Amino acid sequence: MQMTVLVHNMHTSRMERHILDTRDPMPHANPTLRVGEFRGSSRSTLLWTNTATMEAWVAFRNLWARPIVVPFCFRRIGEGGHAQQSQHYAGTAFDVGQNLPAATRNQMRSLAISSRIWGHVDPAHLTPTWVHMDRRTFPPACSAGYPLQRRGSMGNYVCIVQDALNTVQNAGLNVDGLFGPITNAAVERFQADQRLAVDGIVGCNTWRALTSRAVGAGARGFMA
């Protein structure tokens, strides 16, 4: 099955668009992660991530020096299954280690933390039967979650904005990771509808309003 994979190349400041099969390696991940593994349980044929996440995966996989089964990675926000500002919707998170004995899983978690490869690793009391690690972008607009987005922004978090607006108000946006005038106008319409400050900036209040309405709200129609 063919997939469209959008990658924010943080070295070139460009959005890459790759047409790949589920058996192909993810861009910038060498042969250590295939598109189908990254897609996981999502039914979408459109995926997104960034180079920082793929490079973190490669570095950690090489450090672990053994295959890593990836049961959960990417999801579209309309598919739900995670918290309102989950990094899975950004294509930056991996939930792994479910197949490992507890002692080995704890070793993996400890290595993920000590290596400082990832921006965030959940503590064991939050994820006792798996290891959650992600390469989120800082700083968040709220105390945790997604960074502020505005006109001129680029990347996988812009993809979430566009996807969420399409989910909650049928905005008809092209999900391309580029925050241009059309996306800006859609953000302002959403802010007006929600009686928020109409400034086109996706900060804390707009993120909260948008994600709370979008999570799980588009369970059908994720084949594009």
Side-chain angles (χ1 to χ4, degrees), residues 3-10 13-19 39 41-50 52-53 73-93 134-224:
M3 301 279 153
T4 299
V5 182
L6 304 177
V7 182
H8 179 203
N9 189 319
M10 303 169 85
S13 297
R14 296 181 63 185
M15 288 298 296
E16 299 175 354
R17 184 181 181 89
H18 303 265
I19 307 299
R39 184 191 189 207
S41 60
S42 173
R43 294 184 292 110
S44 178
T45 57
L46 175 63
L47 317 172
W48 50 78
T49 186
N50 59 34
T53 300
C73 195
F74 178 83
R75 293 277 281 185
R76 296 271 289 270
I77 194 167
E79 292 180 293
H82 299 282
Q84 289 181 6
Q85 293 191 44
S86 170
Q87 296 297 320
H88 288 284
Y89 306 137
T92 69
D134 66 59
R135 193 63 170 79
R136 63 186 63 184
T137 297
F138 292 97
C142 300
S143 59
Y146 300 152
L148 182 148
Q149 303 293 293
R150 65 197 312 163
R151 187 165 177 171
S153 295
M154 173 190 299
N156 43 312
Y157 294 97
V158 176
C159 291
I160 300 175
V161 173
Q162 295 167 331
D163 197 34
L165 288 168
N166 286 345
T167 299
V168 302
Q169 63 178 27
N170 297 314
L173 298 173
N174 179 28
V175 179
D176 59 7
L178 303 174
F179 200 132
I182 298 175
T183 298
N184 188 84
V187 170
E188 290 183 345
R189 286 195 299 273
F190 175 79
Q191 291 172 327
D193 289 344
Q194 300 302 315
R195 298 184 179 179
L196 300 169
V198 180
D199 56 10
I201 298 172
V202 186
C204 184
N205 290 338
T206 301
W207 269 129
R208 284 176 172 168
L210 184 57
T211 58
S212 67
R213 287 159 179 77
V215 171
R220 294 172 297 194
F222 282 98
M223 296 306 292

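Values in this document were obtained by computation on a predicted structure and should not be read as measured data.
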Heavy-atom side-chain contact between [X] and [Y] under 4.5 Å:
| X | Y | value |
| --- | --- | --- |
| L46 | V175 | yes |
| I19 | M3 | no |
| I77 | T211 | yes |
| R150 | V202 | no |
| Y157 | Q87 | yes |
| D199 | Q191 | yes |

Under a plain distance cut-off of 3.5 Å, with no hydrogens placed, do [Y] and [X] share a side-chain donor-acceptor pair?
| X | Y | value |
| --- | --- | --- |
| Y89 | Q84 | no |
| R135 | T92 | no |
| S42 | E79 | yes |

Nearest 0.5 Å, please: how far is [atom2] in [Y] from [atom1] in [X]?
| X | Y | atom1 | atom2 | value |
| --- | --- | --- | --- | --- |
| N50 | E16 | CG | CD | 11.0 Å |
| N174 | T183 | CG | OG1 | 8.5 Å |
| Q194 | R189 | CD | CZ | 13.5 Å |
| R195 | N205 | CZ | CG | 15.5 Å |
| T53 | H8 | OG1 | NE2 | 11.0 Å |

Closest non-hydrogen atom pair, [X] against [Y]:
| X | Y | answer |
| --- | --- | --- |
| S143 | P140 | O-CG, 3.8 Å |
| A164 | L210 | CB-CG, 3.6 Å |
| N156 | T49 | CB-O, 3.9 Å |
| A141 | G203 | CB-C, 3.9 Å |
| G91 | F74 | CA-CD1, 3.9 Å |
| M154 | M15 | CG-CG, 3.6 Å |

L165, V161, D163, V187 screened by side-chain contact (heavy atoms from CB on, under 4.5 Å) with L173, the one that passes =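 Passing option: L165.
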For L148 and I201, run side chain to side chain contact (heavy atoms under 4.5 Å, CB included): C-alpha distance rounded to whole Å, both residues' side-chain angles, the deciding distance at 0.1 Å, then the answer.
-> CA-CA 7 Å; L148 182 148; I201 298 172; 3.7 Å; yes
Determine whether a donor-acceptor pair (N or O, by modelled atom type, separation under 3.5 Å) exists between the side chain of [X] and the backbone of [Y].
| X | Y | value |
| --- | --- | --- |
| Q85 | Y146 | yes |
| Q162 | F179 | no |
| R39 | R43 | yes |
| W207 | P147 | yes |

Which pairs with one or both residues in residues 135-177 pass disulfide bond (SG atoms under 2.5 Å apart), sequence neighbours excluded?
-> C142-C204
Just say parallel, tilted or perpendicular for the rings of H88 and H82, cut-offs at 30° and 60°.
->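 Rings of H88 and H82: parallel, as their planes differ by under 30°.
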Give the intermediate values and the outcome of side chain to side chain contact (heavy atoms under 4.5 Å, CB included) for residues W48 and R76.
-> CA-CA 9 Å; W48 50 78; R76 296 271 289 270; 3.3 Å; yes
Evaluation steps, side chain to side chain contact (heavy atoms under 4.5 Å, CB included), between H18 and V7 = CA-CA 8 Å; H18 303 265; V7 182; 4.0 Å; yes
Step through the shown structure and confirm whether more than 12 heavy atoms of other residues, nucleotides or ligands are within 6.0 Å of CZ on R213.
->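 Count over threshold, so yes.
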